[in-house]
Each structure stands twice: as C-alpha cells, then as structure tokens.
Amino acid sequence: QVQLVESGGGLVQAGGSLRLSCAASGRTFSDYSRGWFRQAPGKEREFVSAIDWVGRRTYYADSVKGRFTISRDNAKNTVYLQMNSLKPEDTAVYYCAAESSGLGSYSLNDYEYWGQGTQVTVSS
C-alpha cells in the first residue's frame, strides 16, 4: 500500500520555524516530483512548493518565497519543507504529494498521491 505520511506540524509563535517531513512507503518516489500544498479553513487547497525528481529545480508560491525551503532525500524516500519566519497566515493543514512526470508542478490536479496532512498553527 502506497502511503505518504507527513509529520512535524504543530503550534508555533509568529517568527518561529517548523520543519515538515513527508515519508513515503509502498513504492519509491525517486523519479517523481514532490510537492507541498496547504489548506486553511474555508479556503481552497493551494500550492506551496515543489521540487523536481533530482532536486535540482524548486518552485515556491510568492507568499512563501524566501521563507520556506523544500528539499528531498531520495535514499530515504522523504521530502522536507523548512518553514522560517512563520506568519499567522501560514496557518493551515499542510499536505505533501507526488507527481509522476518528475518535472514539478504548481497544479494540485497533476499529483497522483497525497498524504493525510499535518496541522500547522502560527499564533500572533
């Protein structure tokens, strides 16, 4: 059974940092691009960041550029999202996803596999 499992969410004060992890099991995703999306209450799920299959190209939403960093460790079948200078508007459930073209995508419709999400809450 293929699974993506996020971890590392929690409650943090504004200006703080969190590091999310997304571990995959059931198959290797070394040739897949990996992405992070988030969904705040009452809002649609939105793109946060993505990384191509070799980890050479990264993509960020304008709202997180310069504060968040995506990385991957294919040996561990894991992708990370380092989140610094967190703001209350970053509060959301964060989902990781995997996409088979390997090139990276901003569109959630391109991702075939999804995790269950981890809650990130940033207090002011």
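The figures that follow rest on heavy atoms only: side chains count, while hydrogens, waters and symmetry mates do not.
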Side chains of residues 39-47: which donor-acceptor pairs under 3.5 Å do they make with residues two or more places apart or in other chains?
from, atom 1, to, atom 2, distance (Å)
Gln39, OE1, Arg45, NE, 3.4
Gln39, NE2, Lys43, O, 3.1
Glu46, OE2, Arg38, NE, 2.7
Glu46, OE2, Arg38, NH2, 3.3

### Polar side chain donor-acceptor pair, Asp110 to Ser105, under 3.5 angstrom
yes
#### Entry: Approximate separation, where rounding is to 0.5 Å, of Leu103 CG and Tyr59 OH
7.0 Å
### Query
What is the minimum heavy-atom distance between Phe37 and Ser107, and which atoms define it?
CZ-C, 4.1 Å
### Task
Would you please test Leu4 and Tyr95 for side-chain contact (heavy atoms from CB on, under 4.5 Å) and show each step?
CA-CA 9 Å; Leu4 300 178; Tyr95 298 89; over 6 Å; no
### Message
Test: side chain to side chain donor-acceptor pair (under 3.5 Å). Region: residues 111-122. Which pairs qualify, not counting sequence neighbours?
### Response
Ser100-Glu112, Gln119-Thr121
### Message
Restricting to non-hydrogen atoms, name the atom on Ser124 and the atom on Pro88 that form the minimum distance, rounded to 0.1 Å.
### Response
CB-CG, 3.8 Å
### Query
Transitive ILVMFWY cluster of Tyr94 at side-chain heavy atoms under 4.5 Å: who else is in it?
Val12, Leu18, Leu20, Trp36, Val48, Ile51, Tyr60, Val64, Phe68, Ile70, Val79, Leu81, Met83, Leu86, Val120, Val122
### Query
Gln13 and Ser123: side-chain donor and acceptor closer than 3.5 Å?
no
### Summary
Between the SG atom in Cys96 and the CD atom in Glu6, the distance rounded to the nearest 0.5 Å is 4.0 Å
### Summary
Residues pairing under salt bridge (charged side-chain N to carboxylate O under 4.0 Å, His left out) where one sits in residues 12-37, two or more places apart or in two chains, turn out to be Arg27-Asp31
### Summary
So the salt bridge (charged side-chain N to carboxylate O under 4.0 Å, His left out) pairs with at least one residue in residues 67-76 (sequence neighbours excluded) are Arg67-Asp90
### Query
Does Gln3 reach the main-chain N or O of Val5 with its side chain, forming a donor-acceptor pair under 3.5 Å?
no
### Message
Show the nearest heavy-atom pair for residues Ser17 and Asn84, with the distance to one decimal.
### Response
OG-OD1, 2.9 Å
### Query
How would you list all residue pairs meeting side chain to side chain donor-acceptor pair (under 3.5 Å) that involve residues 48-58, not counting sequence neighbours?
none
